[in-house]
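These numbers were taken from a predicted model, which means no experiment stands behind them. Note that the numbering runs from 1 along the sequence shown for the chain.
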Amino acid sequence: MSTAAGPSRKPGFISLMIGSIGVVYGDIGTSPLYALKESVKAASGGRALDEPVVFGVVSLILWALTIIVTLKYVMIMLRADNKGEGGTLSLMALAQSALGRGYVVIPLFGIIGAALFYGDAVITPAISVLSAVEGLELVTPAFHPYIVKISLVILVGLFVVQSQGTALVGALFGPAMLVWFAVLALGGVIGIALHPAILAAINPYYGIVFLVHHGYLGLLTLGAVFLAVTGAEALYADLGHFGRGPIRVAWIILVFPALSLNYLGQGALVLSDPATADNPFFLLYPSWALIPMVIMAKIATIIASQAVITGAYSLTQQAVQLGLLPRFDIRATSEYERGQIYIARINWLLLIAVVALVTSFASSDKLAAAYGIAVTGTMVITACLALIVVWKLWKLPLWLAVSIVAPFLLIDLAFLVANLMKILEGGWLPLLIGLCLIIIMLTWRRGAALLRERTKRDEVPLRAFIHSLEKRPPWRADGTAVYLTGHSDTAPSSLLHNLKHNKVLHAQNIILTIETADEPFVPLEERVSVENLSETFHLVRLRFGYMDEPNIPKSIPQLRQHGLKIDAMHTSFFLSRRSLKHANRSEMPYWQDSLFIFLARRAHDASAYFHIPSDRAVEVGTQITI
């Protein structure tokens, strides 16, 4: 999930299109490594492969790409942008703005979709790199004992270099994937030449007949077929980085044709020699090209993994801003691209999970069973939220909105049911990851709301407090004091404690609240609002988008434009550091109360999160029971 480029550099349409080929289509572009292999294996049911089975599988893959990717995402979802940004949380914000914040089900959809994405972020690097490295076995079986070890070395190296940022590596993504898709198309043409009759699989009739005549086996096959469209969510998630035009053109003129040709070629190869079904992708190419293809596949899978890792960073940033997760240390890695960030804690948690996954499953075949559930779940959530957006924001009649979205929702549900049948084979893993994250997000959201209520009960009305200070003014110190608070109508506890212990006020006092808007970015001219409460007290509201960097010092020039005389060198920032304790009677169960306190104690320091210089920050401790 990347974000829009900074104002200092605006790439042209061609550059954006090539960039989208590398980032947006990295995941779906590596699906041919394992999608048809797993689909054919599921469809055969252990029996010999025949023409109806292969035709049916290839037809299902081609039409899954057509309906889910081309129609749903490229043609419809790319239009559902939130000020140019896409993704599950952006869609949640759109739906929330359409219905209002009173509908609890909307943030719940967003939480489930975000949680399932993390499951995908763990599995994608593991299955992609494993499937590429397994190609070495075709060069010589001697590589077999080292497949897992080689995969782990690549994955560890990939996560280690994340702290350096993706600016330099990102410049190579587009051209590298451009070559990759050209090679996919070439391999497909080679395969089709072996059995040209495979072109008949373009007819959806073969896919429908296969499903009708194979019952339970057909449903299992549908779960494997879905592997061909994993990564489709990236089309929507990376909308803000590249724009709908470049993403659409890249899909239509290159990615879709290359993928279609390759799947047709693999199907033709399996028909001409059923023994190739164990690894039809690499066997499409001449024996002398195996090593170059394995190397290219490794590069492509690293790119696909990179895209989903950085997507996890962006999703985490959005979740923090929307109040779904505690604060993390978020570091920008590029002065040009706002979306290029690094979150160390997320990076190492992902690495630990991926290493555990590769070590436990040890092959892409076993991991394939775990792959798909998280993605299909996210797609179902996307379709539900899209229905609200199409109906309420696009102002279409309900019957028309349902007519547009319902067919996609039914197909997504069919794929979800098919993937749920693989729970015992490994599908439990992304569900377990998603469930843990759902519990964490719901706990943090509920706990933060209770904390706000508890804090607000203990504070005094701001305006009445200022009025009392004017009657009996304390000693004044030179400079400006900025008091951060979450409640603009009550006096911040840091202000009360400062007066209680120091018996002094500054010459100018600013009560500062930070608000997160239901949009990705807030323009500078709309970011600040100032209300003069008295000659020496001012209420300032800073609005940031959920993908903005909440940098308070950088907003000082905007405060000056509103008439406030602020010298950064003579300004002190007062923050409350809360020490949370268990209450005798809490509104949350004890285990959830303990989880919230655990998360709160490990949240990133507020002064660092808001980029307040450490030598200008004053933290006042308060103890609160919850």
Side-chain angles (χ1 to χ4, degrees), residues 27-28 31 33-46 57 60-61 64 68 88 108-128 130-131 210-211 214-233 308 312 349-350 352-384 408-442:
D27 191 359
I28 200 170
S31 295
L33 287 166
Y34 46 80
L36 189 125
K37 175 180 71 172
E38 297 301 326
S39 300
V40 168
K41 183 188 298 183
S44 66
V57 167
L60 287 172
I61 289 176
I68 293 179
T88 302
L108 182 60
F109 276 156
I111 288 171
I112 294 173
L116 290 174
F117 178 86
Y118 284 107
D120 181 34
V122 171
I123 298 176
T124 294
I127 190 173
S128 297
L130 264 177
S131 60
F210 175 83
L211 291 178
H214 285 78
Y216 177 76
L217 192 62
L219 198 57
L220 286 177
T221 304
L222 205 59
V225 164
F226 186 78
L227 295 172
V229 297
T230 53
E233 277 284 323
V308 79
L349 286 174
L350 283 177
I352 292 169
V354 169
V355 168
L357 207 61
V358 171
T359 306
S360 302
F361 284 79
S363 76
S364 62
D365 289 351
K366 294 178 181 178
L367 265 176
Y371 203 30
I373 291 181
V375 185
T376 50
T378 305
M379 287 184 173
V380 169
I381 294 296
T382 298
C384 292
F408 300 115
L409 179 58
L410 291 174
I411 292 172
D412 291 339
L413 286 170
F415 277 117
L416 178 61
V417 171
N419 277 280
L420 287 174
M421 299 176 68
K422 301 186 293 184
I423 287 180
L424 297 180
E425 301 172 34
W428 55 268
L429 180 66
L431 292 179
L432 179 62
I433 295 172
L435 179 61
C436 291
L437 283 160
I438 288 170
I439 291 172
I440 288 172
M441 290 183 186
L442 289 175

Separation of [Y] [atom2] from [X] [atom1] (nearest 0.5 Å):
{"X": "Phe226", "Y": "Ile411", "atom1": "CZ", "atom2": "CD1", "value": "11.5 Å"}
{"X": "Met421", "Y": "Leu220", "atom1": "CE", "atom2": "CG", "value": "4.5 Å"}
{"X": "Leu429", "Y": "Ile123", "atom1": "CG", "atom2": "CD1", "value": "5.0 Å"}
{"X": "Thr88", "Y": "Phe117", "atom1": "OG1", "atom2": "CZ", "value": "8.5 Å"}
{"X": "Leu437", "Y": "Ile112", "atom1": "CG", "atom2": "CD1", "value": "12.5 Å"}

Stepwise side chain to side chain contact (heavy atoms under 4.5 Å, CB included) test for Val40 and Leu36
CA-CA 6 Å; Val40 168; Leu36 189 125; 3.8 Å; yes

Lys37 to Ser364 - nearest heavy-atom pair and separation
NZ-OG, 3.8 Å

Heavy-atom closest contact (Ala353 atom, Val122 atom, distance):
CB-CG1, 3.8 Å

Side chain to side chain contact (heavy atoms under 4.5 Å, CB included) partner of Val375, chosen from Asp27, Val380, Asn419, Thr230
Thr230

If only atom types and distance count, is the side chain of [X] paired as donor or acceptor with the main-chain N or O of [Y] below 3.5 Å?
{"X": "Ser128", "Y": "Pro125", "result": "no"}
{"X": "Thr124", "Y": "Ala121", "result": "no"}
{"X": "Ser31", "Y": "Leu227", "result": "yes"}
{"X": "Ser360", "Y": "Leu357", "result": "no"}

Do Val229 and Ile61 make a side-chain contact, defined as non-hydrogen atoms from C-beta onward lying under 4.5 Å apart?
no

